[in-house]
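As structure tokens, the structure follows; a few thoughts come after it.
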Number of protein chains: 2
Amino acid sequence: MEGMPAIDARKERILRAIIDDYVQTAMPVGSRTISRKYETNLSSATIRNEMSDLEELGYLAQPHVSAGRVPSVMAYRLYVDELLEGSVRQDAQAREYFSQRVRQMEDVITSAAQAISEITRYTAVVMMPKQLELRVSCLQLVPMPRGSALLVIVTDTGAIRDTVIKVSENLDGDALYAISRMLTERLSGRTLQEVQEMLGAYSRLAGSDARVIEGIADLASQMEKQSATDTVTVGGSHNILNYPEYSDVEKARAFLSVLEHKDRLMQLLSGTDSAFTVRIGPETGVPEMADCSVVTASYRVGAGHKGFVGVIGPTRMPYGKVLSALSAVGGALSDLLGE
Amino acid sequence: MEGMPAIDARKERILRAIIDDYVQTAMPVGSRTISRKYETNLSSATIRNEMSDLEELGYLAQPHVSAGRVPSVMAYRLYVDELLEGSVRQDAQAREYFSQRVRQMEDVITSAAQAISEITRYTAVVMMPKQLELRVSCLQLVPMPRGSALLVIVTDTGAIRDTVIKVSENLDGDALYAISRMLTERLSGRTLQEVQEMLGAYSRLAGSDARVIEGIADLASQMEKQSATDTVTVGGSHNILNYPEYSDVEKARAFLSVLEHKDRLMQLLSGTDSAFTVRIGPETGVPEMADCSVVTASYRVGAGHKGFVGVIGPTRMPYGKVLSALSAVGGALSDLLGE
DNA sequence: TGTTAGCACTCTCGGTCGTCGAGTGCTAAT
DNA sequence: ATTAGCACTCGACGACCGAGAGTGCTAACA
């Protein structure tokens with residue numbers, strides 16, 4: 001009675017070769033291919049025996065009896081876990097991406113998503129954690145032509161929001177600055193919610209327009225609303241069309257429609273503690289993504305809050321490259337957004 | 001010897017019915033369909049005769065002998081020209097879209113693109129004309145936590161650009177305002193290019209940081225570069241997958257790749273004088289878009305400069321609805337961006 | 001003269017069938 | 001333990017065929 005075959009070094013090499021080849025070609029890998037391209041001193045028959053063992057062990061699967069083998073979720077996992085052990089090399093290309101001007105949280109987030117998607121050629125997702133308790137640090141009116149002014153609110157975490165409001169034509173730059181000073185003095189240190197509540201009482205402040213107050217109220221309520229929800233951005237969503245597993249339009253559409261619903265997207269990203277997570281196929285928990293993998297890296301932003309950057313692509317994916325790209329972008333984000 | 005059949009009222013009704021049906025179903029329309037759904041008092045045989053005439057006239061085409069008829073480019077054009085005659089009804093839904101906060105040109109443009117794509121369910125493109133000779137109107141530094149400041153530049157056309165720069169920790173709000181005033185005084189009225197050139201000379205200004213100067217130089221050069229090129233944004237690009245004519249992934253990808261190249265996109269939009277333009281199929285001049293139509297509306301922004309809003313979709317398109325949506329959004333844009 | 005019923009004809013679509021080839025598993029030889 | 005050889009399996013692909021949709025034409029009819 002034979003026991004379960006053990007997985008030795010050679011089996012591992014072969015498994016690795018199969019994964020690599022499959023990642024490249026997206027076609028089931030046959031024994032001949034391995035024997036010629038990877039293990040040139042072994043015959044196809046030997047490889048066949050090994051492959052048969054690997055299948056018994058659960059690392060390979062055959063779409064049908066006379067096709068080659070395809071790596072199973074277990075195989076990817078083995079491979080990925082191994083990658084996760086070693087430190088992930090930082091990708092220089094990724095860091096360069098952020099030399100551009102960055103404006104505020106949202107801008108950073110979206111350019112991160114674009115950067116990742118361009119580097120990896122997959123779909124990228126970036127999540128910014130919700131920030132409760134944003135406090136106003138400064139508030140300023142910048143004169144604009146034709147009776148307008150730009151109202152800028154800066155919070156203690158460095159988030160910036162602005163909007164154009166109408167003001168009296170006879171307020172010049174200095175007058176606006178005086179108003180700004182006064183408002184900053186009274187409102188700084190308050191949370192956005194407090195600011196909102198306090199504004200009612202101010203509507204008759206000397207020298208200030210009711211319209212200014214209104215503008216601030218609007219802006220404060222918007223910031224408050226936005227800061228209370230997680231923000232999530234997608235980049236390069238149609239990169240998915242580059243991969244043959246999505247040459248079925250229905251599949252592609254299902255995929256894209258998941259991306260359009262923030263809540264379903266959150267499901268893919270959230271709920272992990274470690275720096276890197278890889279969910280393969282069914283592990284994603286979203287049926288439409290059954291043959292996708294989701295790779296995420298977390299980055300720190302300020303006091304213990306964590307955001308995620310991630311890549312969604314076919315299960316066959318060069319996990320090594322993806323991980324290093326994510327790690328680089330995550331690092332850059334931490335630098336930019338962290339305290 | 002029979003002459004060319006004339007196009008009478010009934011032929012026109014039938015043609016219209018065929019277009020309507022084809023727009024809905026994307027399937028060649030047969031004579032029976034028309035006789036049952038649209039012209040219930042005529043038999044299919046009669047319709048057949050009429051259709052045969054319409055084909056001879058060039059308004060219909062048959063994909064193959066035993067399929068129904070499909071409207072030709074000429075048919076659409078007839079129909080569209082008729083639409084263009086009458087005034088295009090404004091679409092209420094579109095106007096609502098802009099009640100949101102709008103920040104600056106680019107924001108307006110992108111939300112316009114999104115609005116159009118959501119309303120029409122097609123791909124939307126919005127172009128903002130290049131603005132030469134932008135002049136600085138105001139320039140202000142807003143204090144931020146941790147030795148940063150937000151540098152805001154406002155131009156005479158109301159374009160806003162900002163960036164975060166580092167400044168000496170010991171500059172407080174008033175000091176920053178003093179610098180802002182001084183800079184505004186010296187730089188306002190200058191074009192961005194002039195500002196850029198002048199900044200070299202200022203690097204030793206009393207009380208101001210070299211870093212501030214540097215920040216302004218950066219920002220000015222970016223604004224200058226951006227204002228010299230046309231800006232174009234795409235919204236809802238993957239709406240295209242909703243239409244059966246793009247159930248071929250290769251086609252869809254070709255379509256999307258055109259959208260990714262700004263220059264090819266410009267080709268689709270530019271070069272028209274009238275308020276509305278409809279280019280059908282080959283008229284677009286871009287081979288990948290051979291079975292698309294491009295509908296554009298122009299909007300005025302300030303002194304004679306024109307921008308375009310457009311929709312790209314399959315040639316069978318409810319042109320009436322699309323035109324009214326575009327007209328509404330175009331109007332809103334003129335209001336928001338015009339002088 | 002315009003409309004309609006009838007009919008033969010054409011062409012696509014969907015399914016079935018048979019061939020081809022890639023790949024396997026097993027056995028026997030090395 | 002490895003490998004050559006061979007029979008076998010199964011999907012991909014092209015050929016083929018029948019059904020159905022739609023046409024054009026003709027002849028009858030109002």
**Request:** Provide, to the nearest angstrom, the distance between the CE atom belonging to Met27(A) and the C1' atom belonging to dG21(C).
**Result:** 13 Å
**Message:** Donor-acceptor pair, distance only, cut-off 3.5 Å: does the side chain of Asp81(B) make one with the backbone of Leu78(B)?
**Reply:** no
What pairs of nitrogen or oxygen atoms, one from the protein and one from nucleotides 16-20 of chain C, lie under 3.5 Å apart?
none

Polar atom pairs between nucleotides 24-30 of chain D and protein, under 3.5 Å, N or O only, would you list them?
from    : atom 1 : to       : atom 2 : distance (Å)
dG24(D) : OP1    : Arg69(B) : NH2    : 2.5
dG24(D) : N7     : Arg48(B) : NE     : 3.2
dG24(D) : O6     : Arg48(B) : NH2    : 3.3

Tabulate below the donor-acceptor pairs under 3.5 Å that side-chain atoms of residues 281-291 of chain A make, not counting sequence neighbours, or state none.
from      : atom 1 : to        : atom 2 : distance (Å)
Glu283(A) : OE1    : Arg77(A)  : NH2    : 2.9
Glu283(A) : OE1    : Ile280(A) : N      : 3.0
Glu283(A) : OE2    : Arg77(A)  : NE     : 3.3
Thr284(A) : OG1    : Gly281(A) : O      : 2.9
Thr284(A) : OG1    : Val286(A) : N      : 3.4
Glu288(A) : OE1    : Arg264(A) : NH2    : 3.3
Glu288(A) : OE2    : Arg264(A) : NH1    : 3.1
Asp291(A) : OD1    : Tyr246(A) : OH     : 3.4
Asp291(A) : OD2    : Lys251(A) : NZ     : 3.4

**Message:** With a 4.0 Å cutoff (strictly under), does any side-chain N or O of Thr46(A) reach OP1 or OP2 of dT3(D)?
**Reply:** yes
**Item:** Nucleotide dT1(C), atom P - distance to CG of Asp8(B) in whole Å
**Value:** 16 Å
**Item:** Backbone N/O of Gly58(A) and side chain of Ser72(A): donor-acceptor pair under 3.5 Å
**Value:** yes
**Item:** Residue mapping more 5' on DNA chain D - nearest nucleotide basis, Gly30(B) or Ser44(A)
**Value:** Ser44(A)
Sub-3.5 Å pairs of nitrogen or oxygen atoms, protein against nucleotides 11-21 of chain D:
from    : atom 1 : to       : atom 2 : distance (Å)
dA21(D) : N3     : Ser66(B) : OG     : 3.2

**Asked** In whole angstrom, what separates Ile34(B)'s CD1 from dT23(D)'s P?
**Response** 10 Å
**Salt bridge Arg316(B)-Glu245(B), side-chain N to carboxylate O under 4.0 Å** = yes
**Message:** Give the dot-bracket line for DNA chain C from 5' end to 3' end: parentheses for intra-strand Watson-Crick or G-U pairs under 3.5 Å, square brackets for crossings, | for inter-strand pairing, dots for unpaired.
**Reply:** ||||||||||||||||||||||||||||||
**Request:** Decide side-chain contact (heavy atoms from CB on, under 4.5 Å) for Tyr319(B) and Val295(B); before the verdict, give the C-alpha distance in whole Å, the side-chain angles of both, and the deciding distance to 0.1 Å.
**Result:** CA-CA 8 Å; Tyr319(B) 291 96; Val295(B) 184; 3.9 Å; yes
**Message:** In whole Å, I'd like the distance from the CD1 atom of Ile47(A) to the P atom of dA4(D).
**Reply:** 12 Å
**Prompt:** Looking at CZ of Arg121(B) and NZ of Lys321(B), how far apart are the two atoms once the value is rounded to the nearest 0.5 Å?
**Reply:** 13.0 Å
**Complete:** Rounded to the nearest 0.5 angstrom, the CD1-NZ distance for Ile14(B) and Lys11(B) is 7.5 Å
**Message:** From CZ of Arg36(B) over to C1' of dG22(D), roughly how many Å is that when rounded to an integer?
**Reply:** 13 Å
**Item:** Closest non-hydrogen atom pair, Val234(A) against Ala113(A)
**Value:** C-CB, 4.1 Å
**Message:** Go through it in stages, so that I can follow the logic: the residues are Arg16(A) and Glu82(A), the test is salt bridge (Lys or Arg N to Asp or Glu O under 4.0 Å), and I'd like the CA-CA distance, side-chain angles, deciding distance and then a yes or no.
**Reply:** CA-CA 11 Å; Arg16(A) 176 61 182 261; Glu82(A) 192 180 286; 3.8 Å; yes
**Message:** Let's go through Arg69(B) and Ser52(B) carefully: what are the C-alpha distance in whole Å and the side-chain angles of both, what is the deciding distance for side-chain contact (heavy atoms from CB on, under 4.5 Å) to 0.1 Å, and is it a yes or a no?
**Reply:** CA-CA 9 Å; Arg69(B) 300 308 209 288; Ser52(B) 158; 4.1 Å; yes
**Request:** Please determine, by modelled atom types, if Thr46(A) and Ser43(A) share a side-chain donor-acceptor pair under 3.5 angstrom.
**Result:** yes
**Asked** Could you give the CG-to-C1' distance, from Asn41(B) to dG2(C), as a whole number of Å?
**Response** 14 Å
**Complete:** note: Asp21(B), atom CG; dG22(D), atom P; distance rounded to Å ~ 11 Å
**Message:** Nearest whole Å is fine: how far is dT24(C) C1' from Glu50(A) CD?
**Reply:** 15 Å
**Asked** Within the distance-only criterion (no hydrogens, no angle test), does the side chain of Gln62(B) pair as donor or acceptor with the backbone N or O of Val65(B) below 3.5 angstrom?
**Response** yes
**Message:** Strictly distance-based, threshold 3.5 Å: is any side-chain N or O of Lys262(A) a donor or acceptor partner for the main-chain N or O of Val232(A)?
**Reply:** yes
Identify every side-chain donor-acceptor pair in residues 22-34 of chain A under 3.5 Å, counting partners at least two apart or on other chains, and give the distances.
from     : atom 1 : to       : atom 2 : distance (Å)
Thr25(A) : OG1    : Asp21(A) : O      : 3.0
Thr25(A) : OG1    : Met27(A) : N      : 3.2
Ser31(A) : OG     : Arg48(A) : NH1    : 3.4

